[in-house]
Amino acid sequence: MDNVASLYKQLKAEWAKGPSNLKQCGTLLDKLKIALIELSYLPTGTGPTNKQELIMTRDVLELGVEYSVATKNIPAFERYISQLKCYYYDYKNEIGESKNKYQLLGLNLLFLLSQNRVAEFHTELELLPADIIQENEFIRHPLALEQYLMEGRYNKIFQAKGNAPAESYNFFIDILLQTVRDEIGACLESSYEKVSVQEAAKRLNLKSKDEVKQFGEKKAWKLNPDGFYYFVSELVKPKEPIPSRELAEQAIFYARELEMIV
């Protein structure tokens with residue numbers, strides 16, 4: 001136990017120094033994971049040592065979540081969140097509620113949204129109390145983004161990065177924004193025969209022509225010398241005149257048949 005406490009104290013100190021110490025934080029986290037396995041920290045008793053071990057393990061996992069976001073390691077994020085949720089839900093009577101609980105649960109909601117895992121998003125949401133869903137800023141933020149997505153209000157999603165309730169949220173917001181831009185790009189291809197670089201920048205909420213060109217290259221768009229992207233849809237069919245005479249005759253036929261039935 002003393003070894004775990006010492007490692008945890010070192011981890012907190014290194015984490016407080018900022019991004020420059022991420023490598024050292026990763027090394028300490030690896031050591032802590034091994035040390036914690038050796039502890040009997042499952043709630044088999046009610047003694048203070050057991051409670052202390054549970055709280056320390058929860059705090060280590062919380063730092064692991066933050067570390068995985070800082071290092072952009074999504075698989076590690078999923079593992080830490082999965083382990084952490086039992087301390088938030090199953091052991092809350094033994095150790096109380098963490099001050100970071102809803103910040104990290106909201107971060108998980110945002111992660112699910114960025115991966116388009118909407119069903120899981122709503123499953124996680126159902127585990128939360130109604131008052132928290134309505135009032136907690138960390139939960140309301142991903143919930144609002146999900147609503148904007150469903151309504152197609154993409155401009156609101158682009159504004160969300162400046163309104164994130166925590167810095168760690170921006171990692172998954174960036175992924176979500178890229179998904180939204182890909183969707184807008186697909187709509188541009190289907191709806192327009194051509195679009196200028198300036199108009200594409202406006203639609204995609206990109207700040208410069210270079211950003212538009214990078215996006216266009218990724219989508220295999222060809223920029224013409226006149227400054228327009230031209231789209232050729234394989235679904236375009238030759239225009240045919242509306243067969244008005246045939247439609248009128250068919251309508252009359254249906255009317256006569258209906259009259260006979262009545």
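Note that the coordinates shown come from a computational prediction; the quantities given were computed from them, not determined experimentally.
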Quiz item: How many angstroms lie between atom CZ of Phe228 and atom OG of Ser196, to the nearest 0.5 angstrom?
Solution: 5.0 Å

Quiz item: If you measure from the Lys or Arg side-chain nitrogens to the Asp or Glu carboxylate oxygens, is any gap between Arg203 and Glu199 under 4.0 Å?
Solution: yes

Exercise. Please find out if less than 6.0 Å separates the ring center of Phe77 from that of Phe111.
Key: yes

Self-check item: Side-chain donor-acceptor contact under 3.5 Å, Glu62 with Tyr88
Solution: yes

Exercise. Give a yes or no on this: more than 12 heavy atoms of other residues, nucleotides or ligands lie within 6.0 Å of atom NZ of Lys9.
Key: no

Quiz prompt | Positive for side chain to side chain contact (heavy atoms under 4.5 Å, CB included) with Tyr229, one of Lys213, Glu193, Lys194 | solution = Lys213

Quiz item: Is it true that Lys156 and Glu151 have a side-chain N and a carboxylate O under 4.0 angstrom from each other?
Solution: no

Self-check item: Euclidean distance, Ile95 CD1 relative to Gln52 CD, rounded to 0.5 Å
Solution: 12.5 Å

Quiz item: For Lys85, does the NZ atom have more than 12 heavy-atom neighbours from other residues, nucleotides or ligands under 6.0 Å away?
Solution: yes

Quiz item: Taking side chain as C-beta onward, heavy atoms only, is Trp221 less than 4.5 Å from Leu188?
Solution: yes

Taking only distance into account, with no hydrogens and no angle test, what donor-acceptor pairs under 3.5 Å do side-chain atoms of residues 10-18 form with protein atoms, sequence neighbours excluded?
| unit_1 | atom_1 | unit_2 | atom_2 | d |
| --- | --- | --- | --- | --- |
| Glu14 | OE1 | Asn21 | ND2 | 2.2 |
| Glu14 | OE2 | Lys17 | NZ | 3.4 |

Quiz item: Can you list every ring-ring contact (aromatic ring centres under 6.0 Å, His included) pair that touches residues 115-138, not counting sequence neighbours?
Solution: none

Exercise. Can you measure from NZ (Lys51) to CG (Leu54) and round to the nearest 0.5 angstrom?
Key: 10.0 Å

Quiz prompt | Gap between atom CD of Gln103 and atom CG of Asn136 - 0.5 Å precision | solution = 9.5 Å

Quiz item: Should Tyr87 and Ile55 count as side-chain neighbours, where that means a heavy-atom distance under 4.5 Å?
Solution: no

